[in-house]
Amino acid sequence: MSQDLIAALAAIVGEANVLTAEADTAAYFTDWRKQYRARAECVVRPALTEEVAAVVRHCAQAAVAIVPQGGNTGLSGGSVPSGARREIVLSLARLNRIRALDPLNDTITVEAGCVLANVQRAAVEAGRFFPLSLAAEGSCQIGGNLSTNAGGVNVLRFGNAREQVLGLEVVLPDGRVWNGLRALRKDNTGYDLKQLFIGAEGTLGVITAAVLKLQPQPDAIVASWIAVPDPARAVELLALLRARLGDRLTAFEIVSRPCLEAVLAHARDTRDPLGNVHPWYVLAEASDAGPFEALAAKVEQALDKALEGGMGLDATIAHSHARSAALWRLREMIPEAQFTNVKHDIAVAVSQIPAFIERAGRALEVAFPGAAVWCFGHVGDGNLHYNVGDAALLAERPRVNRIVYDIVASLGGSISAEHGLGQLKREEITRHKDALELELMRALKRALDPQGLMNPGKVL
Ligand SMILES: Cc1cc2nc3c(=O)[nH]c(=O)nc-3n(C[C@H](O)[C@H](O)[C@H](O)COP(=O)(O)OP(=O)(O)OC[C@H]3O[C@@H](n4cnc5c(N)ncnc54)[C@H](O)[C@@H]3O)c2cc1C
């Protein structure tokens, strides 16, 4: 640990905001899944964009690498040190002001360290709605959401994090600040630079603030829990609900029976919403302006049709906020309830979801007879979290991955739908991306970060 570096950084952010003691830094050096742990020189906690810029400038001069960190809920090991060189963790947590909210332009300008749930709350207080929503929303931060181009449960209707952004402020790897905080819905003045930093996982610069789009606040939200016989019927049900509800359908999540059972065993305050045992479930949500009863009636009619057509086996609609929250809890607890196994976050075309589940299940059963499969996720976006086995299977991770990813590739899919590459998939992606695509990515990295100081060992 270099005392000169610590002193220089303390001069910028104050001594109290440069953490070096093991007890203070441990949580920053370990990822959420506790798969990656490595030390850095220190954790630096700036509170202003100018402080971020000064820290980055100093690190660039001292050739010290920077690992930007938001809520540290990322699932690919992108937010913790690589341990391969001199690094600092740059925590954005104190850069957490809401700078402006413009109700007539339907925009909110927030700093990178704002916790997602606080941004959602600020929107509600202004009579608006910020649609990005994921189970980690109580601790993940906007900077992390944009850097991973987070998905979540409302992508079906509102798109990924990328679609919520109008402008960005970024500290570049040499410490200069790019002020792209435009609140414009139309701006065709050359390359759309903000898109480079969204989804870059901190490898091209530090996002310090963003202008985000707001939406009208819905009057009514109707969640329903539907038992379906198999994934093929789930996909047909999606088509039917979209045809009947149109853009009112905001979320469409699939949950396999083993996932539900894991949650029921893990969280005492949960219960099976339906009387009988079924192999698959869908959690669907619709929202609209106007009275709850009107929307609930529309959803009920659509579900009657689905049950008549064999797309559903049984269904229940939440008629209260508490009931709706209980249904969502069943979905949101799944990551915790099946914590240690071989994880995948894949995407295929929605129409290929049944083929993927069928082929992957069959191939894994041949290779690893009896291995459990935990399959759930954002089927409305073609995105499944497909986790296999338990701790004992971790040693076989490369073989499991090869089986799953080869099937994904044969279906024209992606090995990382919403969690990014981080350290976890940095090697694997080279098998899947076209050589030209990788060359262009490396050229961009070199152009923006010639010293390779931004989040080394991640993505590329
Ligand atoms: C229970 C649970 C459920 C989840 N569900 C979903 C889900 O439904 N959809 C989904 O997409 N993800 C999900 N995630 C993953 C995770 O929450 C998201 O990736 C989230 O966007 C990460 O935000 P964060 O602030 O925690 O970022 P971090 O984990 O701190 O960082 C993630 C990456 O972004 C970089 N980064 C962070 N802040 C900045 C910044 N200001 N500037 C530049 N780079 C930065 C980091 O270096 C790292 O590479 C889930 C995670 C958990 C634990």
Side-chain angles (χ1 to χ4, degrees), residues 31-34 70-76 115-121 123-124 129-142 144-145 148 150-158 160-161 218 221-228 234 249-274 278 280-287 315-318 320-341 343-346 373-381 383-387 417-419:
D31 75 311
W32 191 83
R33 283 192 177 140
K34 308 207 180 330
N72 199 15
T73 68
L75 300 176
S76 301
V115 169
L116 172 55
N118 294 342
V119 176
Q120 295 167 343
R121 207 167 300 126
V124 168
F129 174 59
F130 182 60
L132 187 65
S133 175
L134 44 142
E137 64 198 21
S139 48
C140 64
Q141 299 171 8
I142 289 298
N145 299 148
T148 55
V153 295
N154 289 329
V155 174
L156 182 64
R157 166 73 180 83
F158 297 101
N160 293 294
I221 299 178
V222 174
S224 42
W225 183 266
I226 309 136
V228 294
L249 186 68
T250 52
F252 192 92
E253 301 281 306
I254 198 165
V255 175
S256 70
R257 180 72 197 177
C259 290
L260 176 63
E261 279 174 9
V263 170
L264 297 175
H266 177 77
R268 288 226 181 97
D269 58 338
T270 53
R271 67 177 189 82
D272 190 338
L274 300 173
H278 299 283
W280 292 91
Y281 304 92
V282 163
L283 173 55
E285 192 166 90
S287 61
T316 176
I317 289 181
S320 69
H321 181 71
R323 184 96 174 109
S324 173
L327 294 182
W328 273 107
R329 194 163 148 70
L330 293 174
R331 165 64 185 85
E332 284 167 358
M333 289 302 290
I334 300 173
E336 274 180 42
Q338 43 81 61
F339 196 76
T340 311
N341 45 38
K343 302 203 183 285
H344 308 95
D345 161 42
I346 65 98
V373 170
W374 318 89
C375 179
F376 63 102
H378 318 293
V379 76
D381 318 323
N383 173 196
L384 291 176
H385 301 310
Y386 191 86
N387 304 336
E418 58 174 13
H419 295 164

Heavy-atom closest pair, residues [X] and [Y]:
X	Y	answer
N145	A161	O-CB, 3.7 Å
R323	P273	NH2-O, 3.9 Å
G138	V115	O-CG1, 3.3 Å
A223	E285	CB-OE2, 4.0 Å
I317	S224	CG1-CB, 3.9 Å
A315	L274	C-CD2, 4.0 Å

Quick one: does any side-chain atom of [X] pair with a main-chain N or O of [Y] as donor and acceptor, under 3.5 Å?
X	Y	answer
S256	C375	yes
N383	I346	yes
D345	H419	yes
S139	G71	no

Task: Criterion side chain to side chain contact (heavy atoms under 4.5 Å, CB included) on F129 and N154, from CA distance to verdict - done: CA-CA 12 Å; F129 174 59; N154 289 329; 4.1 Å; yes

Open item on the list: Restricting to side-chain hydrogen bond (donor to acceptor under 3.5 Å, both in side chains), what partner residues turn up for H344, sequence neighbours left out?
Closed with: N401

Task: Non-neighbouring partners of S133 that pass side-chain hydrogen bond (donor to acceptor under 3.5 Å, both in side chains), sequence neighbours left out - done: E137

Nearest 0.5 angstrom please: [X] [atom1] to [Y] [atom2], how far?
X	Y	atom1	atom2	value
Y281	R331	OH	CZ	15.5 Å
L283	R329	CG	CZ	14.0 Å
W280	F376	CH2	CZ	11.5 Å
L75	T148	CG	OG1	9.0 Å
F130	L116	CZ	CG	6.5 Å
I334	H266	CD1	NE2	11.5 Å

Task: pair H278-V228: side-chain heavy atoms closer than 4.5 Å - done: no

Open item on the list: Please determine whether side chain to side chain contact (heavy atoms under 4.5 Å, CB included) holds for the pair L132 and F158, giving the CA-CA distance in whole Å, both sets of side-chain angles, and the decisive distance to 0.1 Å.
Closed with: CA-CA 8 Å; L132 187 65; F158 297 101; over 6 Å; no

Task: Candidate pair L330 and V255, rule side chain to side chain contact (heavy atoms under 4.5 Å, CB included), full reasoning - done: CA-CA 9 Å; L330 293 174; V255 175; over 6 Å; no

- [ ] For residues F339 and W374, establish whether the separation of their ring centroids is below 6.0 Å.
- [x] no

Task: Results of side chain to side chain contact (heavy atoms under 4.5 Å, CB included) for L156 - residues two or more places apart only - done: L238, R242, L249, F252, D381

Task: Criterion side chain to side chain contact (heavy atoms under 4.5 Å, CB included) on Q338 and K343, from CA distance to verdict - done: CA-CA 10 Å; Q338 43 81 61; K343 302 203 183 285; 3.8 Å; yes

